[in-house]
Enquirer: 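I'd like to ask you about the structure that follows.
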Amino acid sequence: MSTFEPPAETLADVVLVDYGLGNLRSATRGLERAGASVAISDDPEAFAEADGVVLPGVGAFREGMENAGPLREALTDHADAGRPLFGICLGMQMLLTSSEEADHEGEGEVTGLDLVPGTNVRFDVDRKVPHMGWNELSVERDHPIVDGVDGRYAYFVHSYYAEPDDPDAVVATADYGVDFPAVVANDAGNVFGTQFHPEKSGETGLQILRNFVEYCADR
């Protein structure tokens with residue numbers, strides 16, 4: 001039985017970015033359960049009116065950046081204005097500057113949003129890749145997005161992981177033959193992402209989503 005009590009009222013208006021690669025249905029359900037009113041949109045004007053924006057993502061870095069290309073300026077403007085931007089899985093990787101994935105696939109360099117400077121690298125471990133399954137979160141520093149989740153488990157599906165230029169950008173880690181960033185954030189704290197899927201991570205994921213919604217409401 002779930003121990004998570006959904007809020008009695010809507011706490012924040014959130015836009016879920018629709019650029020063709022997101023897990024929109026389950027992300028919407030999770031955000032709504034966490035207290036958000038959710039609009040799915042690719043309209044930059046909707047970003048400006050929202051309390052927070054979520055950039056979901058499933059797939060390859062190049063395809064993600066190409067699909068989201070028309071929205072790059074709107075997303076960076078939103079972040080530069082100090083407003084909450086939350087990247088999930090591929091969406092988190094897109095917050096960084098680059099990824100080895102394009103080079104690995106022979107597609108050349110692809111530029112990410114560069115909101116959390118760094119690159120995404122492929123797992124080089126004696127374990128199955130992609131990494132799929134539940135891993136324990138270890139919170140490395142304070143940030144509202146990780147309130148109440150230290151030592152809890154989240155669900156991951158990925159072959160690449162973030163390597164931010166600034167070690168302080170790492171908010172939480174997990175272990176898969178190497179300690180890798182599970183949550184990252186920019187210096188200002190308003191741009192952050194989870195490598196795992198909160199919408200697939202049970203009570204831990206609902207706590208993360210509730211933290212995000214409350215963060216948006218407080219802003």
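Values in this document were obtained by computation on a predicted structure and should not be read as measured data.
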Enquirer: Let me see the working for Leu137 and Arg152 under side-chain contact (heavy atoms from CB on, under 4.5 Å), right down to the final yes or no.
Expert: CA-CA 6 Å; Leu137 301 177; Arg152 293 168 65 173; 5.5 Å; no
Enquirer: Closest heavy-atom contact between Val184 and Val171?
Expert: C-CG2, 4.0 Å
Enquirer: Between Phe156 and Val178, is there a shared hydrophobic cluster once you connect ILVMFWY residues whose side-chain heavy atoms come closer than 4.5 Å?
Expert: yes
Enquirer: Measure across Val213 and Ala36 and return the closest heavy-atom pair with its distance rounded to 0.1 Å.
Expert: CG2-CB, 3.8 Å
Enquirer: Do any N or O atoms from the side chain of Asp51 and from the backbone of Val14 form a donor-acceptor pair under 3.5 angstrom?
Expert: no
Enquirer: Val17 and side chain to side chain contact (heavy atoms under 4.5 Å, CB included): which single residue from Leu85, Asp43, Leu71, Val54 fits?
Expert: Leu71
Enquirer: Report yes or no: do Leu90 and Val157 belong to one cluster of Ile/Leu/Val/Met/Phe/Trp/Tyr joined by side chain heavy-atom distances under 4.5 Å?
Expert: no
Enquirer: Between Ala50 and Val15, which heavy-atom pair has the shortest distance, and what is it?
Expert: CB-CG2, 3.6 Å
Enquirer: Quick one, Asn211 and Pro144 - any side-chain contact, counting heavy atoms below 4.5 Å?
Expert: no
Enquirer: Is the count of non-hydrogen atoms from other residues, nucleotides or ligands lying under 6.0 Å from Arg141 atom CZ greater than 12?
Expert: yes
Enquirer: With no hydrogens and no angle check, is any side-chain donor or acceptor of Arg33 less than 3.5 Å from a backbone partner on Thr28?
Expert: no
Enquirer: Please round to the nearest 0.5 Å and tell me the distance separating atom CD of Glu32 and atom CG of Leu209.
Expert: 11.5 Å
Enquirer: So, applying ring-ring contact (aromatic ring centres under 6.0 Å, His included) with His131, which one of Tyr155, Tyr161, Phe180 is it?
Expert: Phe180
Enquirer: Before giving the answer on side-chain contact (heavy atoms from CB on, under 4.5 Å), spell out for Glu140 and Ser138 the whole-Å C-alpha distance, their side-chain angles and the decisive distance to 0.1 Å.
Expert: CA-CA 6 Å; Glu140 305 296 333; Ser138 176; 3.3 Å; yes
Enquirer: Going through the checks in order, is the side-chain contact (heavy atoms from CB on, under 4.5 Å) test met by Ile88 and His197?
Expert: CA-CA 6 Å; Ile88 294 175; His197 287 274; 4.0 Å; yes
Enquirer: Closer than 3.5 angstrom, by distance alone: can the side chain of His143 be matched with the main-chain N or O of Gly189 as a donor-acceptor pair?
Expert: yes
Enquirer: Side-chain contact test, heavy atoms from C-beta onward, threshold under 4.5 Å: evaluate it for Gln195 versus Val183 and give yes or no.
Expert: no
Enquirer: Can you find a heavy atom in the side chain of Pro181 that is under 4.5 Å from one in the side chain of Pro164?
Expert: yes
Enquirer: Hey, does the side chain of Asp114 reach the backbone of Leu96 with a donor-acceptor pair shorter than 3.5 angstrom?
Expert: no
Enquirer: Between Tyr176 and Phe123, is the ring centre distance below 6.0 Å?
Expert: yes
Enquirer: Checking the side chain of Tyr19 only, and the main-chain atoms of Pro56 only, is there a donor and an acceptor separated by less than 3.5 Å?
Expert: yes
Enquirer: List the atom of Met92, the atom of Ala162, and the distance in Å for their closest heavy-atom pair.
Expert: CE-CB, 3.7 Å
Enquirer: Give the cluster check for Val170 versus Val146: same hydrophobic cluster or not, with ILVMFWY residues linked at side-chain heavy-atom distances below 4.5 Å.
Expert: no
Enquirer: So how far is it from Arg72 CZ to Met94 CE, rounded to the nearest 0.5 Å?
Expert: 8.5 Å
Enquirer: Rounded at 0.5 Å granularity, tell me how far CG in Leu55 sits from CG in Leu16.
Expert: 9.0 Å
Enquirer: Taking atom types as modelled, find out whether Ser98 and Thr119 have a side-chain donor-acceptor pair closer than 3.5 angstrom.
Expert: yes
Enquirer: Rounded to the nearest 0.5 Å, how far does CG of Asn120 lie from CD of Glu100?
Expert: 8.5 Å
Enquirer: I'd like to check the side chain to side chain donor-acceptor pair (under 3.5 Å) partners of Thr76; sequence neighbours left out, ordered by chain and number.
Expert: none
Enquirer: At what distance, to the nearest 0.5 angstrom, does OG1 of Thr204 lie from CH2 of Trp134?
Expert: 6.5 Å
Enquirer: Determine yes or no for a side-chain-to-main-chain donor-acceptor pair under 3.5 angstrom, with Arg122 supplying the side chain and Ser99 the backbone.
Expert: no
Enquirer: Applying the 4.5 Å side-chain criterion to the ILVMFWY set and letting contacts propagate, would Ile40 and Phe212 be lumped into a single cluster?
Expert: yes
Enquirer: Between Arg83 and Ala48 (side chain of the first, backbone of the second, donor and acceptor by atom type, cut-off under 3.5 Å), is there such a pair?
Expert: yes
Enquirer: For a quick test of reading the model, state the closest non-hydrogen atom pair linking Asp175 to Arg127 and the distance between them.
Expert: OD2-NH2, 4.1 Å
Enquirer: I'd like to know if the side chain of Glu101 and the backbone of Phe61 have a donor-acceptor N/O pair within less than 3.5 Å.
Expert: yes
Enquirer: Shared ILVMFWY cluster between Tyr153 and Met132, side chains joined below 4.5 angstrom?
Expert: yes
Enquirer: Under the ring-ring contact (aromatic ring centres under 6.0 Å, His included) rule, collect the residues that match up with Tyr215, sequence neighbours excluded.
Expert: Phe192
Enquirer: Find the distance between CG (Asp165) and CG (Asp168) and round it off to the nearest 0.5 Å.
Expert: 12.5 Å
Enquirer: Report the C-alpha separation of Glu203 and Ile208 in whole Å, then their side-chain angles, then the decisive distance to 0.1 Å, and conclude whether the side-chain contact (heavy atoms from CB on, under 4.5 Å) test is met.
Expert: CA-CA 9 Å; Glu203 295 295 313; Ile208 290 281; over 6 Å; no
Enquirer: Within the 3.5 Å criterion, strictly below it, is a donor on Glu199 or Ser201 matched to an acceptor on the partner's side chain?
Expert: no
Enquirer: Looking only at heavy atoms, what is the nearest atom pair of Ala34 and Leu11, with distance?
Expert: O-CD1, 4.2 Å
Enquirer: Would the distance check show the side chain of Thr97 and the main-chain N or O of Gly118 forming a donor-acceptor pair, the cut-off being under 3.5 Å?
Expert: yes
Enquirer: Within a 6.0 Å radius of atom CG on Asp187, are there more than 12 heavy atoms belonging to other residues, nucleotides or ligands?
Expert: no
Enquirer: Checking His158 side chain against Phe196 main chain: does a donor-acceptor pair fall under 3.5 Å?
Expert: no
